[in-house]
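Beneath this line is the structure, given in structure tokens, with notes to follow.
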Amino acid sequence: MTIAARGARRPDTGARLAYLVQALLVGYALFEVLRIAARPGAEPALVALLGAALASLHFAVRSPWIAAVAYVLAAHAIPRYESGFDLLLASGALGWIVALGLSGWLGWIVREPRPLPQTWRHPIVAAVALYFAWLALSWIVAQAEGRVFTPYPRHDPILFVHGAILCLIAATTLHSARATWTLAGALCVAVASRLAVQSGTTLYLDSDAPVLAAMTLPVAVVGAIRLRHLGLRVAFASAAIAAAATVLLAHNRAAGIGALVAVLLLVRHTGRRWTIWLIAALACATAFALLGPLRGYADRFSVLWNPQARHATAGLDRATIASRLELWAATRSMVADHPWAGVGPGNAPQLIGRYAPSHEASPTHNSLLNVLAETGVPGAVLYVAIFAGAIFLLDRGARRGRGTWPGAAAIMLQASLGAFVAAAMFISRHDMALSYLLLGWSLAVFAAARSAAPIERALRA
């Protein structure tokens with residue numbers, strides 16, 4: 001066999017080896033996860049979801065972005081505060097999805113080596129890399145200083161690792177319309193599933209489902225407007241209704257603020273016709289909340305300017321505001337004691353009781369303050385830089401890709417990130433892997449927008 005023939009066969013051999021390794025890993029992961037998840041009393045739907053999510057990762061060698069789809073469905077289609085989610089965490093399924101996504105991504109590189117896009121020279125990429133490196137350094141410092149605690153399952157520092165890997169996979173593979181709209185559809189399915197599964201009593205005053213819905217609302221709206229297939233447009237429009245209903249029914253104030261920011265960002269980019277429709281929809285939703293059966297949602301905000309409010313949840317509303325102010329003051333004291341490396345990722349809830357004894361084992365209910373406490377001032381600066389940078393980057397992508405699918409994707413992602421940032425000022429979701437997935441997705445979409453803009457201009461000429 002000649003040297004040329006050997007060189008021609010090498011990619012095929014590497015691809016076969018990558019598929020074989022991935023198949024073995026998927027098989028082992030299925031055995032380990034289902035051995036725990038399929039215990040007596042487990043919901044069959046949950047077992048089926050985890051099995052399907054893991055099995056789909058066999059194809060991650062060809063399309064690594066499948067890992068992002070699987071993670072979104074597994075992590076967000078299940079109510080966060082119910083027993084099914086506890087079983088999800090105990091099974092280790094999320095960790096396996098991320099690990100298999102990474103192995104599939106490596107196999108994808110082996111199958112077809114490709115250069116990094118020019119957008120990877122952008123300063124935001126360096127900021128993202130520095131942020132995750134600083135997280136690792138903060139964790140090492142905390143371990144060296146003896147701050148070693150059993151992490152809370154829902155705020156385990158391993159979630160930052162999940163976020164970093166998903167960010168890498170998204171940034172390098174979500175560069176096609178098919179991948180983008182498939183992941184967008186997965187987000188919509190997750191929100192619709194939460195609305196269907198959670199009864200009114202568990203959805204009311206919940207924080208996780210409505211914030212996810214606020215982040216998904218612009219994705220669903222843009223999909224309903226921009227996609228050409230009628231069936232897909234109807235599906236995304238239905239998801240938009242489900243997302244809006246989730247926000248309105250939950251009465252969560254952080255989600256309401258996030259949804260409002262998302263709508264305002266959408267209005268900023270849409271054409272005149274769609275702007276009128278969006279403003280009309282927002283006006284109807286506001287009127288429904290103020291005058292209809294959801295008037296209690298508007299009442300929840302009234303304690304901010306009317307301390308004597310007497311609505312049904314007035315006492316709870318005042319208590320949550322007072323609690324947050326106490327937690328934020330305690331967090332500032334924690335930062336004063338550990339200004340540079342912080343107390344370590346995941347450790348703030350463990351230590352907050354030393355500064356606010358009445359709030360033992362409580363998150364700060366502010367993602368930026370959580371990052372500030374756990375990673376110090378440098379980590380907080382980088383955290384602000386990567387999210388603010390991504391929002392501004394997507395603004396450029398929306399302008400450059402106007403009239404193309406990357407331009408539409410940039411609009412929906414900017415609104416989704418805006419919703420997250422606004423809501424995250426009142427809840428602790430600094431370790432939400434989806435937020436870092438959105439960062440990587442934003443980089444991929446911006447790269448696609450830069451590539452699509454010259455083609456679009458040439459076609460118009």
Side-chain angles (χ1 to χ4, degrees), residues 56 59-60 62-73 75-76 101 104-105 108 114 116-117 119-120 124 163 165-192 212 215-229 231-237 239-240 243 262 265-266 269-270 390-391 393-420 433-453 455-456:
S56 69
F59 302 101
R62 183 176 61 193
S63 303
W65 51 264
I66 289 175
V69 174
Y71 193 95
V72 165
L73 290 174
H76 297 291
W105 181 80
W108 177 71
R114 48 184 61 76
L116 292 174
T119 49
W120 278 60
I124 190 176
I165 294 174
L166 290 173
C167 181
L168 173 65
I169 292 173
T172 52
T173 65
L174 283 170
H175 45 62
S176 68
R178 178 191 174 195
T180 283
W181 293 117
T182 302
L183 182 54
L187 274 170
C188 293
V189 169
V191 168
L212 176 66
M215 296 169 63
T216 305
L217 179 61
V219 175
V221 168
V222 172
I225 294 174
R226 298 289 184 175
L227 289 174
R228 296 180 179 178
H229 191 281
L232 291 176
R233 294 182 72 174
V234 171
F236 273 84
L265 286 172
L266 284 179
H269 287 288
T270 53
I391 289 173
L393 197 68
L394 289 167
D395 198 66
R396 292 174 55 193
R399 292 198 303 270
R400 291 189 177 192
R402 189 179 300 276
T404 66
W405 76 262
I411 292 171
M412 74 180 187
L413 287 176
Q414 186 191 49
S416 184
L417 277 176
F420 167 75
L434 177 60
S435 64
Y436 302 109
L437 168 59
L438 290 176
L439 280 177
W441 195 359
S442 300
L443 290 172
V445 163
F446 179 69
R450 290 189 60 177
S451 301
I455 298 174
E456 184 69 17

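All values below were derived from every heavy atom in this structure, side-chain atoms included, with hydrogens, water molecules and symmetry-related copies excluded.
No side-chain donor-acceptor contact under 3.5 Å links S416 to the backbone of T216. Remark: side-chain polar atoms of S63 are not paired, donor with acceptor, to backbone N or O of I66 under 3.5 angstrom. T172 places a side-chain N or O within 3.5 Å of a backbone atom of I169 that can act as its donor or acceptor partner.
Between A415 and L265, the closest heavy-atom pair is CA-CD1, 3.8 Å. Taking each heavy atom of A186 and V69 in turn, the nearest pair found is CB-CG1, 3.8 Å. Between F236 and A184, the closest heavy-atom pair is CE2-CB, 4.0 Å. A240 approaches V221 most closely through the heavy-atom pair CB-CG2, 4.0 Å. In terms of heavy-atom proximity, C188 sits nearest to A220 at SG-CB, 3.8 Å. Contact record, L417 with S435: CD2-O, 4.4 Å, taken as the closest heavy-atom pair.
Here M412 contributes atom CE and W181 contributes atom CH2; the two are 4.5 Å apart, rounded to the nearest 0.5 Å. To the nearest 0.5 angstrom, M215 atom CE is 10.0 Å from L413 atom CG. Going from atom CD1 of I391 over to atom CZ of F420 covers 10.0 Å, rounded to the nearest 0.5 Å. Rounding to the nearest 0.5 angstrom, the gap separating the CZ atom in R62 from the OG1 atom in T173 is 13.5 Å.
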TODO: Decide yes or no on side-chain contact (heavy atoms from CB on, under 4.5 Å) for H269 and Q414, but give the supporting numbers first.
DONE: CA-CA 10 Å; H269 287 288; Q414 186 191 49; 2.7 Å; yes
Task: Stepwise side-chain contact (heavy atoms from CB on, under 4.5 Å) check, L394 with W441 - done: CA-CA 10 Å; L394 289 167; W441 195 359; over 6 Å; no
- [ ] Show your reasoning for whether side-chain contact (heavy atoms from CB on, under 4.5 Å) applies to L187 and L434.
- [x] CA-CA 10 Å; L187 274 170; L434 177 60; 4.0 Å; yes
TODO: Quick one: do L393 and L443 satisfy side-chain contact (heavy atoms from CB on, under 4.5 Å)? Show the steps, please.
DONE: CA-CA 8 Å; L393 197 68; L443 290 172; 3.8 Å; yes
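Residues L166 and Y71 form a side-chain contact, since some pair of their non-hydrogen atoms from C-beta on lies under 4.5 Å apart. In this structure, V445 and L174 have side chains that are not in contact, with every pair of non-hydrogen atoms separated by 4.5 Å or more.
Judged purely by distance below 3.5 Å, without hydrogens or angles, the side chains of W405 and T180 never pair a donor atom with an acceptor atom.
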